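One structure below.
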Amino acid sequence: MYQGFVRVCCASPAVTVADTEANATAIIELIESARANGADVVVFPEMCITAYTCGDLFHSSTLLESAVKALQKIVDATAACSSMLAAVGMPVRHGAALYNCAVFIADGHILAAVPKTYIPNYNEFYEKRWFASAPPCETTVTLCGIEVPFGTDIIVDFGGVRVGAEICEDLWTPVPPSCRLALAGAELILNLSASDDLIGKYAYLRSLVAQQSARCMCAYAYSSAGFGESSTDLVFDAKHFIAENGRLIASSPRWTSGNLLTTCDIDIEAIRRDRLHNTSFEASARREDADATVVKVDVPERKAPSKLLRTVDPHPFVPAVDEHLRDRCEEIINIQVAGLAQRLSATHCRSLTIGISGGLDSTLALLVAARTFDRLGLDRKGIIAVTMPGFGTTGRTHSNAIELVEKLGATLREISIVPAVNQHFADIGHDASVHDVTYENSQARERTQLLMDIANQTGGMVLGTGDLSELALGWATYNGDHMSMYGVNSGIPKTLVIYLTRYFASIMPEVESVLLDIIDTPISPELVPAEPNGTIKQKTEDLVGPYELHDFFLYYTLRYGFSPRRIFTLATAAFGDTYPRETIIKWERTFFRRFFNQQFKRSCLPDGPKVGSVCLSPRGDWRMPSDASSALWLKEIDEL
């Protein structure tokens, strides 16, 4: 394990039915390949030593004795592949019965045997003809002259990673054995399978594996028998699925010939954090009185791999582009709309006041407001959209704001803040040529005052436009744009604001051109005068850093509670071709410094809807003292 990542391989040998020597050779080849790939754990299919389709040959002493000899050959080979756990499938005699087992081996030793619990005996399956179901109590079994634990409640602690196993049909039952193993502490479940292929079964199986990993809050590695199994009545396609807490992170190509290996790094630390955070998991373990025999194997820390073998999405807040794209966007928007609609109904408001700058955040808030008014059957004229040009307002943003409001049919008001702010400067004795924080924040607070007073005039409420990324960085003027009566974007990070605005452009042709130009406009509060040619001078991402990096840092800080070092490791995997190492470190330091220092703004946020798994509401997901020190986090970044 390295920094909480465990490298897992699913391996399917091209078997020869009943030829245990040939199968052992194929298995050893895959073990050596897995070791060359830096694997910590490798899982093989059900009955891979004999092949699954031996039929009545399973009761042949010749086959059973040769299977044990083949196991010994495989065990001996693992001595040369140190620090790797393997699980192979074979028939095991115990007492007067034969069991379909997963055998754990590592470093030249047999560790344990786990028998299959549920023996299928329907449709094309008739395993009860040969195999018995797992005994109710754990015992021991002798394999290759060694007595090892035998039972279903067995967990191998391999270098601190707790690994359990179940076999094929076990997964398809209402309460799979992996549920109890997970509650007893297993973090990685291996499934040794020999599932034949039928129309529609593949998609169902993918879903089943992902769902079981979600239900158990675990990683789940599924390896199925494939090429070489008998085609007398059935066809087997080697299938590999590696899932992590509900998400499939790796799978194999279909219909291959020969040996097949699929390798992926799973995130054990993320699983541990979710179990720690979700108090229901520990409560379930206590309720079920889950327990297991733990076989411990000491393993040295793995060296840093040259490359992380998993896909790290650089934009974790943004939905994947797939066939469900429209549904995801609509769900996000409808959460915003439902929250705002309820707030308007509860307060009997038929009017909204919103500041429109021609920027992304106010644009999304206005689009959501328009859809909310449509849903409630209210006239969009009740949306009072106020553009308030100041010292830094450019012609581009100003014209975009006006065009958007007019095309949406809202009520447009324009009030220049320049005279009022100049008077304010005179009142407090501030030199207007000094473009400092007083110069900037005076404008933001004047705009908020105007919005609040207009809302009083119209009997409405002020709709906040600030987004989740700005809340994380504190990129808002305290008691200025920081304040509103309902923050409709408070659960939407900047990368998602851009994404949703682009989606609105795709479904609203009447505003498509203006929305696309707003997306292409540099992000800016426009609080300092523009360049002489009229272009924006104050660009937010030049000052605080790229929002895609900050959203990445925010996601892994709040969703998983990862350390700066670990977030940096993930960021280099996600952005290695986009940002150099020094740039990532620079902006990660900025993120944590601002995140801690600006908590006081988040401690008194207006209400707003939670949209995704990450939220900064002081009443909900994030409770943090405003005077907490960032020293530990910044020190770790400085040591990178």
Side-chain angles (χ1 to χ4, degrees), residues 247 267 269-270 273-274 277 312-320 332 335-336 360-361 364 464-476 481-482 487-500 523 540-575 578-579 583-603 605 608-626 628-630 632-634 636-637 640:
R247 185 169 66 93
D267 195 341
E269 186 170 325
R273 191 273 177 183
D274 279 349
H277 188 68
V312 181
D313 189 349
H315 305 120
F317 288 109
V318 176
I332 294 166
I335 290 172
Q336 292 179 278
L360 282 164
D361 292 342
L364 178 60
T465 63
D467 64 52
L468 181 64
S469 305
E470 292 179 342
L471 296 177
L473 296 169
W475 193 248
D481 53 312
H482 157 259
V488 75
N489 289 340
S490 61
I492 310 290
K494 188 74 76 178
T495 49
L496 189 53
V497 170
I498 298 169
Y499 187 87
L500 293 173
I523 299 168
T540 300
E541 291 184 294
D542 290 345
L543 300 171
V544 297
Y547 272 116
E548 63 177 352
L549 279 179
H550 286 309
D551 283 357
F552 188 90
F553 302 150
L554 175 65
Y555 179 81
Y556 284 102
T557 298
L558 267 64
R559 174 64 181 82
Y560 293 109
F562 285 166
S563 68
R565 182 180 302 278
R566 201 159 197 274
I567 294 173
F568 172 75
T569 298
L570 290 168
T572 54
F575 294 104
T578 306
Y579 300 103
T583 300
I584 295 173
I585 292 174
K586 171 186 175 180
W587 294 123
E588 186 176 12
R589 196 179 202 286
T590 297
F591 171 82
F592 278 103
R593 177 180 58 80
R594 294 192 64 96
F595 184 77
F596 275 81
N597 291 350
Q598 301 293 309
Q599 172 62 27
F600 73 98
K601 295 179 182 178
R602 298 190 294 267
S603 294
L605 285 178
K610 178 178 179 178
V611 174
S613 60
V614 171
C615 179
L616 283 169
S617 168
R619 297 163 296 276
D621 288 57
W622 190 251
R623 298 167 180 84
M624 171 180 162
S626 297
S629 172
S630 60
L632 291 176
W633 286 260
L634 298 182
E636 186 169 317
I637 293 171
L640 289 174

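Computed from a predicted structure; not experimentally measured.
Considering only heavy atoms from C-beta on, Leu616 comes within 4.5 Å of Leu468 through its side chain. Met624 places a side-chain heavy atom less than 4.5 Å from the side chain of Phe595. Using a 4.5 Å heavy-atom cutoff, the side chains of Ser490 and Val611 are not in contact. Contact check for Phe562 versus Asp267: side-chain heavy atoms found under the 4.5 Å cut-off. You'll find the side chain of Arg559 reaches within 4.5 Å of the side chain of Arg273, heavy atoms only. Within the 4.5 Å cutoff, the side chain of Trp475 has no heavy atoms near those of the Lys494 side chain. Between Ile584 and Phe553, the closest side-chain pair of non-hydrogen atoms falls below 4.5 Å. Inter-residue side-chain proximity for Ile637 and Ile585 is flagged as met; some heavy-atom pair is nearer than 4.5 Å.
In this structure, Ser563 OG and Tyr556 OH are separated by 13.0 Å, a value rounded to the nearest 0.5 Å. For the atom pair OG1 of Thr583 and CD of Glu588, the computed distance is 12.5 Å after rounding to the nearest 0.5 Å. Taking CD1 from Ile492 and CG from Leu500, the interatomic distance works out to 5.5 Å, rounded to the nearest 0.5 Å. Considering CZ of Arg623 and OG of Ser617, their distance stands at 8.0 Å, rounded to 0.5 Å. Between Thr572 atom OG1 and Leu570 atom CG the span is 7.5 Å, to the nearest 0.5 Å. Once rounded to the nearest 0.5 Å, the distance linking CD1 of Ile523 with OG1 of Thr540 reads 6.5 Å.
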Exercise. Between Glu269 and Tyr560, is a side chain to side chain contact (heavy atoms under 4.5 Å, CB included) present by the stated rule, with each step listed?
Worked result: CA-CA 9 Å; Glu269 186 170 325; Tyr560 293 109; over 6 Å; no
For this session: Just do the ring-ring contact (aromatic ring centres under 6.0 Å, His included) check on Phe552 and Phe575 with the steps written out, would you?
Result: CA-CA 10 Å; Phe552 188 90; Phe575 294 104; 5.3 Å; yes
Exercise. Between Asp551 and Ser469, is a side chain to side chain donor-acceptor pair (under 3.5 Å) present by the stated rule, with each step listed?
Worked result: CA-CA 6 Å; Asp551 283 357; Ser469 305; 2.4 Å; yes
Problem set entry | Worked verdict on Leu605 versus His482 for side chain to side chain contact (heavy atoms under 4.5 Å, CB included) | CA-CA 8 Å; Leu605 285 178; His482 157 259; 4.1 Å; yes
For this session: Please step through side chain to side chain contact (heavy atoms under 4.5 Å, CB included) for the pair Leu471 and Trp622, ending with a clear verdict.
Result: CA-CA 12 Å; Leu471 296 177; Trp622 190 251; over 6 Å; no
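Residues Leu558 and Val614 share a closest heavy-atom pair of CD2-CG1, 3.5 Å. Counting all heavy atoms, side chain and backbone alike, Val488 lies closest to Gln336 at O-NE2, 3.1 Å. What you find for Phe591 and Ala472 is that their closest heavy atoms are CE1-CB, 4.3 Å. Shown here for Val318 and Thr495, the closest heavy-atom pair between the two residues is CG2-O, 3.9 Å. Pairing each heavy atom of Ala628 with each of Phe596, the nearest pair is O-CD2, 3.7 Å. The two residues Arg565 and Glu636 make their nearest non-hydrogen contact at N-OE2, 2.7 Å.
No donor-acceptor pair closer than 3.5 Å links the side chain of Arg566 to the backbone N or O of Gly561. Put simply, the side chain of Asp481 never gets that close to the backbone of Ala476: no donor and acceptor are under 3.5 Å apart.
The 12-atom threshold is exceeded at NZ of Lys610, counting heavy atoms of other residues, nucleotides or ligands nearer than 6.0 Å.
Taking the charged nitrogens against the carboxylate oxygens, Arg247 and Asp313 have no contact shorter than 4.0 Å, which rules out a salt bridge.
Among Lys601, Arg602, Arg594, the single residue meeting the side-chain hydrogen bond (donor to acceptor under 3.5 Å, both in side chains) criterion with Gln598 is Lys601.
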